[in-house]
Amino acid sequence: MAEFEPQIIAFCCNWCTYAAADLAGTSRVHYPPNVKIVRVMCSGMVNPIYVLKAFESGADGVLVAGCNLVDCYYLDGPVKCDAMFAILKKLVHILGLEDERLRREMISASEGVVFARVVEEMVEGLKKLGPAPFKVKKGAVV
Amino acid sequence: MMALIPSKEVVDVVLEAGGEPLKLCYQCGLCTATCPWNLVRSFSIRGMVHQSQLGLVDFESEDIWLCATCNTCVKRCPRGVEIIDIMRALRKVIVEMGVAKVPDALRLSAKNVSVTGNPLAELQEKRADWAKDLDVKPFIEGTELLYFPCCYPAYEPKEKGIARATVGILNEARVDFGILGVKESCCGDLVRKSGNETIFRRLAESNIKAFTENGVKRILVSSPHCYNTFKNEYPDFGGNFEVIHSTQYLLELVKEHRIEFAKELNKRVVYSDPCYLGRHNDIYDEPREVLQSIPGLELVELPDFREEALCCGGGGGRIWMETKKGERFCDLRLEQAIELGAEVLAVACPICMCMFKDSQLTVDKGESIEVKDVTELVHEAI
Amino acid sequence: MEGRRIGVYVCHCGLNIAGTVDVEEVAKYAATLPSVVVSRDYHYMCSDPGQALIKDDIKECGINRVVVASCSPRMHELTFRNACQDGGLNPYLLEHTNIREHCSWVHEDKAAATEKAKALVRAAVKRVYYHEPLEVKEAPVNPNVLVVGGGIAGMQAALDIANGEHQVYLVEREPSIGGHMIQLDRTFPTLDCSECILTPKMAEVGHHPFIELLAYSEVEEVSGSIGQFKVKVRKKARYIDESKCVGCGVCEEKCPWKVPSEFEMGLAMRKAIYIPFAQAIPNVVTIDKDLCVYIQSGGKKCGACIKFCEANAVTPETLLNQSDQIVELEVGSIIVATGYDQFDPSVVPQYGYKKYDNVLTGLEFERITCAAGPTGGKILLKDGTEPENVAIIHCVGSRDQNYHEYCSRVCCMYGLKYAYLIKELTGADVYEFYIDMRCFGEGFEEFYKRISEEGIKFIRGKVAKVTDVAITEEEKGKLIVVAEDTLLGSMVRVPVDMVILCAALESRSDADKVASLFGLNRRADGFFLARHVKLDPVATPTDGIFIAGCCEAPRDIPDTVAQAEAAAAKALSLISKGKITLEAAVATVDEAQCQGCGRCEEICTFHAPKVISKNGVMVSTINETLCKGCGACAVACPTGAISIRHFTQEEILAQVGALIEV
């Protein structure tokens, strides 16, 4: 059987973390292809529903990443994101998902390497953790 | 010229012992300039912090043992450096790692506290003897207030008056209180500040256990050192009690008319702020208000008072050590009081009382002034 | 949702993408997705022929939604939006997905990279399905500018804009413009006289045909947004007829009532009717209502000013019946230059300020050395004699977490300037008590060197106290400055006659009110926060409102002037464009779902949502000129009434749901 390849959806803010992922690309910093990025304007724009939808549609892990407070294009988006994230953590816990499946990072536009490292760490961690418990298997009878 | 090879090991040891705040110091020297030691001799606390930053500490230096933890420098430090924690860390390294000699007097007192539960090497069984002839109940579950007298008023003949006056007032006000007597030990402040963290922890744990097992909720203390330790340090070890200093409680009783003054005390009184009541806990007004409520009493102020008050020199374990004549802060303080023409030097701390009573013996005209605790003055007037 | 015709374009980017991702397979795969009518791959989509593919397909295949899978949208989204627009399609009907930076450049496994690219394209197709055309709106910019604060920053900004022949309203709360700079004697490091360089500027402001000076006035209300602010200004009553007053000063001479002069830092007196200083602009008198006995007695007592005013500017009518006026202004942008307060050193009791006569603050010393000041420029002690020795204490209230943690930036330099002046004027010994000398600006280090040549004594140590309690003969009758000389490692007691406290610059005591008036944010230290500390230093969270000078942080005159000019340039660039383009992807409210709870108002940093009553129902409305489209309100909205255009829930959920193939 092939090794389990976790699926990660990353919500990245346009100004910092999305740009950091761009920088990882231009600097050819390699990381596993398990992550797919959704571009949002601000990490504070990430509605908990989006994260739940990601898990529902088969993600094994979700990353919410945006600016550091000092870099924020919208001044205090990260504060709002943190508030949302605290609620989200509880929700995810109630759903029976492990804490490690949901990660919050602040990655500035200059930190392409950090972005790649975070993805690597998540992939490693999720490989150990295995598929998300309520992931619907391909072809499974629901 | 000194080869500057910072010793990372020494820095690490000091940091680990609790000297973390030293990293913040930017060497402005305000600590040295506010330190009372520089009134009597030269002592650069800044220099010592700098040595610690670089790991070039001279552990043999007697300067390490000077700090009386009066908190003057900490209060004014522009970077908020907890200088007392640094001094405590340096002493801890010496005491617990044996990198240099601990002064004999300190070693002996610490040993006494460790063995007998008090620095005076008195027997634990006799801890409640001061109250023998008084109407004092042992503390039992449900008693409203625990009175914790501190080792000095409990054992030291010159200081028993503090505990006895407290009891007199409490009984007068019909307060439901009790004492733990032999079940309690020294609060541990002085041993901790002089570097004996292990002994302190043992004392803290044993007192917390005694308080908890007996259902203590509210503690009345005579000593600001006990006050500070119970209130600000015991919570780190799981002991959370409501702590109240005698001067605070006295003011409460006066304001609620639970005690009434029957006599006039026509005396000129000067009050000396204890460091652990004032600078450590910002209690400046209560003792003054209590004194001013005594009929006939005239309250005057020393040249430096409240935040600026000069330390008696007994904190941080200094009370156990010999301080050379000419270098005793308590002598300076007593002289100032005498110069003001005060008849009574009022204190609110057993350590201060001990220091000042010693000074009376050596200072010129020392006997012309009485040294009394605020509690004793109140007791005299009711 | 009928009639979606999607075109997908997969870029090779030479081998940049095609080297790792099988672009042909991706394009083939995309063609199988629902609603996709065209799917192509091309070598360089950003090239003209690449863009032409899109334009042609819009016309020929009738595609009405476009997905481009290529590089980062941060690079070429605009290119492809323009291509759509040129082809006759609304630019917001494009979805640009990144298969280069986020795929081909960071992955090595070709199969896996191709699968990921397919997933990204699939998600983009799902998302573009919900894209709606958006209208890029524009709003006109009123070319008038309001400048708040008539110190050097406000004056400079006002002049720059007015010299471009645009109307400026300059509001100053004091009777005269000039600010703190006009109180200064000399300016470091050049030592030119502050008055000499400033008064011509003040006169220029006073006479400028494009500047309307509203002195002795305060802004009361600001509404509207960038391009179209409405401002109410309270013009305080001076109780005189300004059009008649010639500033002759006779009334001032005759007025018998005195109080300490604010301008002279209390070191001299002023009258109840007064001109704060000789070169005041406007040069008219002001009456201190609380002090004027005529006004206080309801016209029964005094009246000396009325009697002696030949111009008939002061009359019983002006004194008893004049009241404040509200002036309404319409402006397109606002520059806030409200300056600083000097830290009050009496909160550091150890320094003896207000306890000892000869302990002075910096601003007091400025007045003393000023030739037009209370001592006629002579450095004198309170008893009228010259000091023989002076201590200058640095960092009073700054670099100290008990007061202000920040470095106040100007004190080292003005401290050196004082040393120079004292040496020059009295020959007294000068001691500078410093912690670190910070002489970073142009000519500053040279100035430090020059002052060192004067034989100033520098003592490195923060002063613990200033006392008059002498312990030796030499100390008697002196002020003794106590510190550790940290370089010697020993305590020093320096007896001096005069102590000057280099007090910090701090934010104005009413900065909170000003902040809420103009929608500014404040830092922890109380100063106003710039939009971006490094890259947008004069903009604020509120578009069209700029900050300049010491209201933003302590700074010296050259930096203040530069910042004022920067703020003026920002305002001028708005005027020059004449209109503003509004962000199209902003919040919108579904009024049917909105409960008017106000959560959106609370969370928005830019004050864009406002709950108003519409036909008796409370609903939120978004001011699109203020909204930046960050989306915080949409997350906070408990009913889901708010969505962000181009980032709607439908769009994002569709995209997220399609990223993983199950």
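Because only heavy atoms are used, hydrogens play no part in the values below, and waters and symmetry mates are left out as well, while side chains stay in. Proteins come first, then strands; the chains are lettered A, B, ... in the order of their sequence lines, and each starts at number 1. As the structure is a computational prediction, the values presented were derived from the model and not from experiment.
- Only one option out of C:Ile393, C:Val348, C:Asn358 pairs with C:Val466 in a side chain to side chain contact (heavy atoms under 4.5 Å, CB included); it is C:Ile393.
- Neither the backbone nor the side chain of C:Val492 comes within less than 4.5 Å of any heavy atom of chain B.
- Between C:Phe433 and C:Phe458, a ring centre-to-centre spacing not shorter than 6.0 Å is recorded.
- Within the 4.5 angstrom heavy-atom criterion, no atom of C:Glu405 approaches chain B.
- Within the cation-pi definition used here (under 6.0 Å to the ring centroid, within 45° of the axis), C:Arg399 does not qualify as a partner of C:Tyr406.
- C:Ser490 does not touch chain B: none of its heavy atoms, backbone or side chain, sits under 4.5 Å away.
- Using non-hydrogen atoms only and a strict 4.5 Å limit, the part of residues 69-77 of chain B facing chain C consists of B:Lys75, B:Arg76, B:Cys77.
- Cation-pi contact between C:Lys417 and C:Phe188: absent, since separation from the ring centre below 6.0 Å together with deviation from the ring axis within 45° is not met.
- Shown here are the side chain to side chain donor-acceptor pair (under 3.5 Å) partners of C:Asp485, two or more places apart in sequence or in another chain: there are none.
- Looking at B:Ser44, the atoms closer than 4.5 Å to chain C (heavy atoms on both sides) sit in the backbone and in the side chain alike.
- Within the 4.5 angstrom heavy-atom criterion, no atom of B:Phe43 approaches chain C.
- Between B:Lys193 and B:Glu233 a salt bridge is recorded (basic side-chain N to carboxylate O distance below 4.0 Å).
- A salt bridge is absent between B:Arg279 and B:Asp273; no separation between the charged side-chain nitrogens and carboxylate oxygens falls under 4.0 Å.
- Looking at heavy atoms from C-beta onward, B:Arg288 lies in side-chain contact with B:Arg306 at the 4.5 angstrom threshold.
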